[in-house]
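See structure below.
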Amino acid sequence: MNLVLLGPPGSGKGTQAECLVQKLGLAHLASGDLLRSAVAAGNELGQRAESYIKQGVLVPDEVVIGLILEALEGKGGFILDGFPRTLEQAQAVEQALAQCNQAIDRVVYISAAEDELVKRLSSRWTCKQCQAPHNMQGVPSDLRGKCSRCGEELYQRADDQPETIRKRLEVYLTQTVPLIDHYRRSSKLAEVNGVGEVAQITQAVLQAVGVGR
Ligand code: AMP
């Protein structure tokens with residue numbers, strides 16, 4: 001099964017992708033994680049992407065499409081998280097998959113209200129090593145500790161600051177929301193409410209992809 005998780009920044013795509021990996025054994029490809037790793041490595045692609053990420057705008061299609069298609073090579077059964085984010089990206093991945101007799105089987109759109117997204121993003125700390133997100137709402141700075149998954153240090157992403165959060169939400173509305181209709185037209189879309197207990201949302205996502213009770 002090949003899945004896409006679609007939704008605004010902060011809707012919980014990464015968290016749900018990790019839960020689905022555990023349950024379904026699919027490969028998890030997060031475009032944001034791949035881009036940040038390239039920036040940290042200081043390679044050519046990372047250098048091209050860095051200023052876009054900092055500003056909270058989309059990295060040019062040709063850069064991200066190349067990165068994702070390369071990461072997808074040889075993978076059967078995956079979850080795309082944060083990609084596609086434009087119609088051009090959606091068409092590029094559909095074409096590439098068709099060439100190897102594969103397709104996107106289901107697109108799960110995880111929704112949440114804007115004030116909830118801003119609250120989550122501004123209290124999110126991310127692992128420097130494995131990029132796992134941690135919700136630090138109400139946790140004093142001296143008690144923030146280390147990554148619950150790999151034990152490495154946590155940091156607050158520069159694009160999780162209020163100004164950049166607003167920009168990212170605006171970019172989502174103008175450039176990514178049209179994908180909802182694109183996938184609705186092909187009857188691949190299922191919508192899940194992204195507010196609530198993580199485990200309950202995972203159940204709803206599993207049901208949406210046809211493997212839940
Ligand atoms: P994310 O970790 O998904 O919130 O992505 C962080 C940043 O990486 C975004 O604000 C964009 O600058 C960039 N990015 C991630 N995925 C994509 C994509 N599919 N297309 C363009 N830019 C992306």
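We count ligands from 1, going down the list as the structure has it; atoms in each ligand are counted the same way. None of the values given here were measured: they were computed from a predicted structure.
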For the 3.5 Å polar cut-off, considering only N or O atoms, please tell me whether Val57 and ligand 1 meet it.
yes

Shared hydrophobic cluster for Val209 and Tyr109 (ILVMFWY, side-chain gaps under 4.5 Å):
no

If I take atom CD from residue Gln55 and atom NZ from residue Lys167, how far apart are they, to the nearest 0.5 angstrom?
8.5 Å

With respect to atom 19 (N) of ligand 1, which of Gly82, Pro60, Gly14 exhibits the smallest heavy-atom separation?
Gly82

Could you state the interatomic distance from CD (Glu116) to CG (Leu121), rounded to the nearest 0.5 Å?
10.0 Å

Looking at non-hydrogen atoms alone, which of Gln175, Glu50, Arg85 comes nearest to atom 17 (C) of ligand 1?
Arg85

Close approach of Arg36 to ligand 1, heavy atoms, under 4.0 angstrom:
yes

With no hydrogens and no angle check, is any side-chain donor or acceptor of Arg168 less than 3.5 Å from a backbone partner on Pro9?
no

Where ligand 1 meets Val64 - atom numbers and elements under 4.0 angstrom, heavy-atom basis:
18 (C), 19 (N), 20 (N), 21 (C)

Can you list the ligand 1 atoms lying under 4.0 Å from a non-hydrogen atom of Ile53?
8 (O), 12 (O)

Below the 3.5 angstrom mark, is there an N/O of Asp159, backbone or side chain, next to an N/O of ligand 1?
no

Nearest 0.5 Å please: distance from the CG atom of Leu5 over to the CG atom of Leu80.
8.5 Å

Considering only non-hydrogen protein atoms, determine which one is nearest to atom 20 (N) of ligand 1 and report residue, atom name and distance to 0.1 Å.
Gln89 NE2, 2.9 Å

Side-chain donor-acceptor pair present, Thr126, His134, cut-off under 3.5 Å:
no

Between the candidates Asp81, Val39, Val59, Val171, which shows the shortest non-hydrogen contact distance to atom 22 (N) of ligand 1?
Val59

May I ask you to identify the nearest protein heavy atom to atom 16 (N) of ligand 1, giving residue, atom name and distance to one decimal place in Å?
Ser31 OG, 2.8 Å

Proximity flag Arg157 to ligand 1, non-hydrogen atoms under 4.0 Å:
yes

Looking at ligand 1, does any of its N/O atoms fall within less than 3.5 Å of an N/O of Arg168?
yes

Spatial distance of atom CG (Asn193) from atom CD1 (Ile110) [nearest 0.5 Å]
10.0 Å

To the nearest 0.5 angstrom, please state how far the CZ atom of Phe83 sits from the CG atom of Asp61.
8.0 Å

Given that the side chain starts at C-beta and the backbone is N, CA, C, O, which of these parts of Leu58 lies under 4.0 Å from ligand 1, counting heavy atoms, or is it both or neither?
both

Protein residue, atom and distance nearest to atom 14 (N) of ligand 1, heavy-atom basis
Leu35 CD1, 3.3 Å

The reported gap from CD1 in Ile201 to CD in Glu197 (rounded to nearest 0.5 angstrom) is 8.0 Å

